[in-house]
Each structure stands twice: as structure tokens, then as C-alpha cells.
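First up is the structure itself, then whatever we jot down about it.
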Amino acid sequence: MSKNRLTHLFQENQGNLLNVYFTAGFPNLNDTVTILEELQAAGADLVEIGMPFSDPLADGPTIQASNQVALENGMSVKTLFQQLEGIREKVSLPIILMGYLNPVLQFGFEAFCEAAAKVGVDGFILPDMPLVEYEEEYKLILEKYGLSLIFLITPQTSEDRIRKIDALTDSFIYMVSSASTTGSQVQTSEAQQAYFSRVKALGLRSPLLIGFGISDKVSFEMACQTAHGAIIGSAFIKALQQPSEVKENVRTFLKSIKQTQDAGLKT
Amino acid sequence: MYGVNERGYYGQFGGAFIPEMLYPNVEELRQKYLQIILEPGFKAEMEDLLRDYVGRPTPLYHAKRLSERYNAKIYLKREDLNHTGAHKINNTVGQILLAKRLGKTRIIAETGAGQHGVATATVCALTGLECIVYMGKIDTERQRPNVEKMRLMGATVVPVTSGSQTLKDATNEAIRDWINNPVDTHYIIGSVVGPHPYPDMVARFQSVISEEIRKQLQEKEGRELPDYVVACVGGGSNAAGAFYHFLDEPSVQLVAVEAAGLGVDTGHSAATSVLGKTGIIHGSKTLLMQTEDGQITEPYSISAGLDYPGVGPQHAHLADTGRARFIAITDNEAMEALRELSRLEGIIPAIETSHALAALGQLGAGPEDVVVLNLSGRGDKDLNTILTYFETHDVQK
């Protein structure tokens with residue numbers, strides 16, 4: 001199986017990558033394709049589509065609420081796959097699905113991988129997937145379908161564990177900026193700088209994207225100084241709640257983060 | 001055979017399905033919990049507190065009138081006589097001593113009915129540690145006396161407004177708090193749920209119940225093994241404690257009693273072993289009530305303590321292997337049993353426990369059979385619910 005779009009992206013781009021998270025089915029059930037098209041047009045480099053869950057443990061109030069709305073709108077894993085059918089004719093951005101394990105296991109893990117690969121998804125973030133279970137039960141299935149699994153590291157993750165994750169990764173490492181749930185303010189504390197420097201000094205083979213607390217141009221650019229880019233979630237969900245049309249909200253928000261296309265870096 | 005394995009599993013259930021943000025905390029516990037709780041100094045300190053502060057051993061009471069009613073020899077293990085009124089304190093005493101040895105200065109907990117919250121606030125007051133208890137906003141309203149008790153002992157009670165505003169959501173918020181405070185905080189989980197090592201750790205702290213039953217039964221009956229052990233199950237901590245030293249004794253029938261709510265098929269139930277499918281909740285793979293899409297559904301029971309959509313992974317394993325028999329009891333059956341025990345023995349049980357009592361008629365026990373029922377808690381906390389129930393359901397109180 002040839003390398004997926006994620007692997008390509010990191011081979012060809014060295015920095016300032018913007019990964020935008022949105023919750024499938026939010027604000028409206030059928031916004032998924034519109035948001036993907038607009039994100040591509042407005043200069044996002046990759047996207048993370050959240051599969052809504054009733055009990056999203058690692059998420060703060062904004063994303064929790066968007067999950068709730070999406071579920072009330074009728075979103076499910078099955079519906080999301082239906083919406084993504086034919087998406088590769090319109091959108092070439094790498095697409096990651098993010099969600100908790102329970103809905104995935106109910107869908108069937110292999111069936112989930114198969115459906116994801118079929119519509120052109122490139123990888124998953126499953127924050128409650130344990131490393132041991134991944135290696136023993138799931139890794140081969142993901143590889144069979146050419147999908148990447150992205151792991152998180154936090155300020156408390158030990159060096160040994162970071163190195164292990166680095167070895168298991170074939171796309172990027174999701175570097176959680178501080179001990180928090182999503183949507184917290186990014187701290188510019190010494191402890192955080194020390195964490196960034198410590199991870200940088202490890203000389204990992206995998207690229208890093210920083211997430212949690214990245215909300216605007218300033219925090220995005222700060223993250224890009226340490227890592228290959230950053231992930232914006234809660235702030236984008238808030239932008240989608242603005243009264244204007246979804247398309248307009250996506251464009252306005254992306255413009256506020258990345259005013260000009262990074263022409264030199266894009267291929 | 002029915003205990004946890006090295007990987008944190010009971011058969012196919014268990015594990016630690018947690019976001020990376022929690023990994024260091026849970027891993028620290030996993031590496032240290034056995035070493036700490038088995039060390040002689042820890043055991044001695046815990047035994048002292050259980051004896052002089054909690055009031056252990058709790059009596060094993062031969063309930064003669066109840067025995068006559070059900071034509072079997074029924075013993076009640078009086079966990080309701082513990083300080084704070086339920087078995088929950090056994091576990092919080094253990095975990096607070098563990099937290100101190102881990103150097104933690106801040107304690108968080110979740111609570112539904114408030115019993116675990118009160119037990120946690122109690123041991124925090126006892127040791128001088130800061131205490132924050134998450135409780136669904138709806139539960140804070142229906143269990144107000146427990147909220148006031150916690151506050152009186154210096155705990156901060158945080159009403160949770162996310163999700164359905166009950167126990168499941170209180171647990172989510174406690175976990176989120178732990179994610180945000182990974183270094184100084186210990187999370188005292190109140191039942192045999194959560195990621196490994198919690199189910200095993202909590203079961204060990206509660207196993208004092210079955211340890212005492214064996215000794216007390218030897219004194220009273222000349223044999224350590226009863227024919228039946230009966231206990232109610234929400235998450236399952238009192239049942240785990242009552243079953244612990246009988247798991248590998250096949251002559252002892254283990255009976256776990258769940259809340260059927262308005263009826264197992266009514267859509268208003270908490271009978272997880274009947275309605276649940278294998279899934280992941282709060283970091284553990286277990287039986288879980290959920291939709292076809294894997295969204296966790298809200299359970300229903302008149303008792304706030306059994307109102308949980310999952311069950312501890314060990315109980316899932318006991319149900320799966322048939323080692324324990326699971327019986328589902330409706331609100332009405334539980335409330336009748338509550339009134340019956342009050343009248344026959346002068347003991348007002350918690351509504352949770354009343355579910356176990358209501359199963360006595362379904363055991364099939366004979367006059368020679370020794371039945372031990374774990375009387376997990378007392379009904380004082382439920383008085384408002386009890387009075388309202390009988391006012392609206394019949395005229396006879």
C-alpha cells in the first residue's frame with residue numbers, strides 16, 4: 001500500500017501546518033462536505049473530523065456541547081461515512097477522523113477501517129486507544145487499510161513513552177500543549193516552554209503538531225516555532241456558531257489565522 | 001480465575017482505555033497500589049481506622065423474622081452500621097491512606113446518591129486533604145442532605161450541568177478535573193469501575209466484608225461458607241466486597257441484583273447485564289447500556305446509587321461466565337422489600353439495598369440454606385424518596 005496523504009504532507013511540508021478540527025454534524029447535520037471544501041479553499045493543510053460521542057472525556061465544554069448538538073442532529077459513524085462518499089473528487093486535504101473507541105467498536109473495528117479507507121480517510125485519532133492493545137490487536141488491521149493512528153503526548157508523558165510513540169508513528173505526533181481538556185487557554189508558562197524545549201531536544205523522527213489551547217494567529221504562530229504546525233478545535237467550533245453562513249464563518253476564521261497562503265510551503 | 005490478570009482484565013473485560021492525559025496518573029497507581037496496600041504499616045493503619053473510626057467489624061445478624069418469611073436462614077451483613085451509613089467508607093479509608101503515601105494533596109470524587117461523596121468528604125476531613133466532589137446537578141437537588149453534609153465537613157461540591165446531569169456526567173467531570181490536575185490530585189473512584197487498577201483496588205478495599213463474613217459464619221454456623229451471597233449492583237462495589245472471598249468457592253451461589261427500574265423492557269431501567277453490550281465506559285471495557293451507534297444511554301432507577309449505565313468489569317465477567325446469577329428487580333419490588341424489612345426487623349435499608357432484599361423470594365433457598373445478604377446501606381438518606389413513593393403509590397405507610 002502506498003503512503004497515504006498524511007505521510008506525503010509531512011514529507012513535502014516542513015512547517016506552519018494548520019490542522020482544523022470540527023465536529024461532524026455540527027452546526028447542522030449536512031455541513032460536513034461544505035466545511036471540508038471551504039477549509040481546503042481557505043488554506044487549511046489537514047483536517048480532523050470529530051465523530052460525536054455522548055461522553056467525550058478529554059474534551060472541554062465547547063467541543064462537548066458541539067458533540068451533543070451533532071448527536072441531536074442525528075449524526076452517527078454510519079451517516080458520516082455516507083456523507084464522505086465521493087469526497088475525494090472534491091477535496092484533496094488529508095482527512096483524520098477523531099473519536100472515542102466505543103462507537104468505533106460498535107461499528108466493528110475492521111469494518112470501520114474498511115469504510116474509512118474506501119471514502120479516502122487517511123488516519124484516526126482515538127484518544128482512549130491503549131498502546132498495548134493497539135500493538136497487539138489493531139495495528140495490523142490499520143496497516144492493511146493504509147491508515148495511520150495518531151498518538152498524543154502531554155507534558156507528563158515520559159521520555160521512554162514518547163520514544164515508543166515516535167517509533168510507532170507513521171504520520172505525526174499530537175503534542176498536547178498543557179495538562180488540560182480541549183479549549184483551555186494556552187499558557188505561556190516557563191513549565192510549558194521547558195516542555196516544548198525538552199521534546200524538541202529529543203530529536204524525534206516524527207513531526208509534531210501542537211493542539212489544545214491554540215485559538216488565534218498569535219498562539220498558532222507560537223506553536224509553529226516549536227512544532228511543524230498546530231491544531232485548532234474549540235476556537236473553530238466557536239467560529240462556526242457565528243450567525244453568518246457556514247462558508248463565510250470558515251473563511252473568516254481561517255483568514256484570521258493564516259492571512260496569506262504559505263505559498264512557499266504548499267505544493 | 002475470577003480475579004484480575006496482570007494486564008488488568010477479568011476475562012475479556014477490564015483494561016485501561018484512557019486518554020494519554022490520564023496515563024501517567026493511572027500508571028503510577030498501577031505500579032504502586034499493590035506494593036503500598038500490602039505493606040504491613042499500611043495494613044495496620046487501615047485496620048486501626050476501620051476498627052476505631054468506621055466501627056468494624058460490622059455485625060453479621062441472623063434476621064429471624066425475615067428468615068421465617070422466606071423459609072431460609074438469612075443473615076444480614078450490617079454495612080449500614082458503618083460510620084456514614086454504608087459500605088462506601090471502607091474504600092475511601094483505603095484510598096485516602098494510599099493518596100497520602102503517593103504524596104497527593106488534593107482529592108476529587110464523583111457521587112450519585114451522595115454516599116460516596118460523603119464518605120470521601122469524611123476521610124478528607126479526617127486527614128486534612130482538600131476535597132472536591134462532582135455531583136450531577138439533578139442529584140444535588142434530590143440528595144440535598146448529603147450535599148449539606150459534605151459541605152459541613154469542608155468539601156466543595158460542584159454541581160455538574162453537562163450531559164444528563166447525573167452520576168455518569170459527574171464521573172466525566174471528575175475525570176476532566178484529573179486531566180487538568182495531573183500532579184497533585186488523586187481521584188477516589190467510589191465503585192469497582194474505571195481503568196485498571198481501580199476495579200481491583202476498590203474490590204480489595206471492600207473485601208473486608210467477605211473476610212468478616214467467613215469468620216463470623218464460622219462462629220455462628222460452624223462453617224465459613226454460606227449457600228448464597230446476595231448483594232445489589234450498580235457499579236458493584238458492595239457486591240464485589242461481599243463476593244471477594246467466595247469467588248473460588250463453587251458451592252457458594254453468588255447473586256447480583258440489578259435495578260430493573262420501571263421494568264427491564266420499558267426503556268426506563270438500569271439492568272446492565274440484561275440490556276448492556278460490551279463497550280467502553282470511564283476507561284474500562286465492560287457491559288454497557290448503549291445505542292446501536294455506541295452512544296451511552298441514560299439508565300433509570302428509583303435509587304440514585306444503582307442508576308449507572310455500566311457495571312464493574314469483574315461483574316461483567318461473572319455474568320459472562322455464569323459464576324454469578326443476575327436478577328433484576330423493579331422500583332416497586334424494591335420499595336415493597338424496603339417496607340417489609342422495616343416492619344419485620346426494624347431496619348430501614350437504603351433503596352439500593354432493598355433491591356437485594358427483593359430478590360430473596362427468587363433464590364430458591366430451602367430451610368437449611370444459609371443466605372448472607374449484604375445490607376450495604378441505611379435508608380435515612382432516602383427518607384424523602386421513600387415517603388413520596390408511598391404517598392403516591394398507596395395509602396398504607
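All values below were derived from every heavy atom in this structure, side-chain atoms included, with hydrogens, water molecules and symmetry-related copies excluded. Order of the sequence lines fixes the chain letters, A, B, ..., with proteins taken first and strands second; residue numbering starts at 1 for each chain.
- Contact annotation for residues 72-81 of chain A against chain B (heavy-atom separation below 4.5 Å, listed by residue number): A:S76.
- In this structure, the side chains of A:T181 and B:M21 stay at 4.5 Å or more apart for every pair of heavy atoms.
- Contacts from residues 97-111 of chain A to chain B, taken as heavy-atom pairs separated by less than 4.5 Å, involve A:L101, A:N102, A:P103, A:L105, A:Q106 in sequence order.
- Proximity to chain A (any heavy atom under 4.5 Å) is restricted, for B:E173, to the side chain, taken from C-beta onward.
- Between A:R161 and B:E20, at least one side-chain nitrogen of the basic residue sits less than 4.0 Å from a carboxylate oxygen of the acidic one, meeting the salt-bridge criterion.
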TODO: Apply the test side-chain contact (heavy atoms from CB on, under 4.5 Å) to residues B:E28 and A:Q156: give CA-CA distance (whole Å), side-chain angles for both, the deciding distance (0.1 Å), then the verdict.
DONE: CA-CA 11 Å; B:E28 179 187 30; A:Q156 274 71 42; over 6 Å; no
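- Interface residue B:L288: only side-chain heavy atoms are found under 4.5 Å from chain A.
- For a residue to count as touching a neighbouring chain, one of its non-hydrogen atoms must lie under 4.5 Å from one of that chain's; by this rule A:L71 touches chain B with the side chain only.
- Residue A:P52 touches chain B through its backbone alone, counting heavy-atom pairs closer than 4.5 Å.
- Between the CG atom of A:D128 and the CD1 atom of B:I281 there is a distance of 12.0 Å, given to the nearest 0.5 Å.
- Looking at B:K285 and A:E133, no side-chain N of the basic residue comes within less than 4.0 Å of a carboxylate O on the acidic one, giving no salt bridge.
- Of the listed residues A:P56, A:P61, A:G60, the one with more heavy-atom pairs under 4.5 angstrom with chain B than any other is A:P56.
- Only the backbone of A:D59 comes within less than 4.5 Å of a heavy atom in chain B; its side chain stays farther off.
- Atom CG of A:D55 sits about 8.0 Å away from atom OG of B:S164, to the nearest 0.5 Å.
- Contact of the A:F53 side chain with the B:Q295 side chain is registered, since non-hydrogen atoms from C-beta on lie closer than 4.5 Å.
- In the displayed structure, B:Q12 atom CD is contacted under 6.0 Å by more than 12 heavy atoms of other residues, nucleotides or ligands.
- Only the backbone of B:I18 comes within contact range of chain A, with at least one heavy atom under 4.5 Å from a heavy atom of that chain.
- Taking all atoms of both residues into account, the shortest heavy-atom contact from B:K168 to A:S54 is NZ-O, 4.4 Å.
- Contact of A:Q64 with chain B is made through the side chain alone, with heavy-atom distances under 4.5 Å.
- Both the backbone and the side chain of B:F17 come within less than 4.5 Å of a heavy atom in chain A.
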